[in-house]
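Got a structure here, written out as C-alpha cells. Questions coming.
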Amino acid sequence: MESQWLFNLLLMLQFAILIAVVVWAYGLSKRLARMKLQHAEAESNQKKQVQVLASGSIGMGRRLVAIEKKLNLAVEKQSEILSKEGGVSYNRAMELLEMGATIDDLVSKCGLIRAEAELISLLKQESHRNSDYH
C-alpha cells in the first residue's frame with residue numbers, strides 16, 4: 001500500500017513537472033513570436049528610412065543639377081552681354097588675362113575702369129574653375 005502511495009506521488013510529481021515544462025515552453029514560444037514581430041517591424045522601419053533618405057538624396061541631386069545648368073546659362077549670357085557691350089576691349093582683356101595680365105594692365109591697355117577689369121578677372125577665374133571641375 002505504501003508503494004502504491006509512493007507510485008501515485010511520483011506520478012503526480014511527473015505530471016506536475018510535465019505541466020510546468022509545457023507552460024514554460026508555451027511562454028517561450030510566445031516570447032519568441034513577439035521578438036520575431038518586433039524584429040520584422042524594426043527591419044521594416046529601417047527599410048522605410050533608407051527609402052526616404054535615398055529619395056531625398058535623388059531629389060537633392062536633381063535640384064543641384066538644375067541649379068548648375070541655370071548657373072552655367074547665366075554665366076554664358078553674362079559673357080555674351082559683356083562681349084556685345086564692350087566688343088574688342090572685353091575680348092582683348094580676356095586674352096590678356098590668359099597671358100597673365102594683371103587688373104592694372106587691363107585698365108591701362110583696354111581702356112576699362114577698374115571695376116570692369118576686376119569683374120572680367122573674376123569671370124575668367126570662375127570660368128577656369130568650372131572647366132577644371134568638368
T102 side, atom OG1; L106 side, atom CG - distance, nearest 0.5 Å: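 Between T102 OG1 and L106 CG, I get 6.5 Å after rounding to 0.5 Å.
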Shared hydrophobic cluster for M99 and L112 (ILVMFWY, side-chain gaps under 4.5 Å):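 Yes; tracing contacts between hydrophobic side chains, which count when under 4.5 Å, links both residues.
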Working for side chain to side chain contact (heavy atoms under 4.5 Å, CB included), residues L123 and E126: CA-CA 5 Å; L123 285 172; E126 187 62 32; 5.6 Å; no
Full working for side chain to side chain contact (heavy atoms under 4.5 Å, CB included) between R114 and D104: CA-CA 8 Å; R114 184 161 194 83; D104 290 331; 2.6 Å; yes
Atom pair CD1/CG of I103 and L96 - distance to nearest 0.5 Å: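 These two atoms lie 13.0 Å from each other.
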Neighbour count above 12 (heavy atom, 6.0 Å) for M12 CE: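 No, because the 6.0 Å sphere around CE of M12 holds 12 heavy atoms or fewer from other groups.
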Contact summary for A101 and L97, nearest pair of heavy atoms: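 It is O-CD2, 3.6 Å.
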Inter-residue atom distance S121.OG - M94.CE, 0.5 Å rounding: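 Taking OG in S121 and CE in M94, the distance rounds to 9.5 Å.
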Pairwise distance CD(Q4) to CG(L11) - rounded to 0.5 angstrom: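 Q4 CD to L11 CG: 9.5 Å, rounded to 0.5 Å.
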Nearest-0.5 Å distance that lies between atom CD in E41 and atom CD in Q38: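 One finds 7.0 Å between CD of E41 and CD of Q38.
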Rounded distance [0.5 Å steps], CD in E118 versus CD1 in I113: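 Reported value, rounded in 0.5 Å steps: 9.5 Å.
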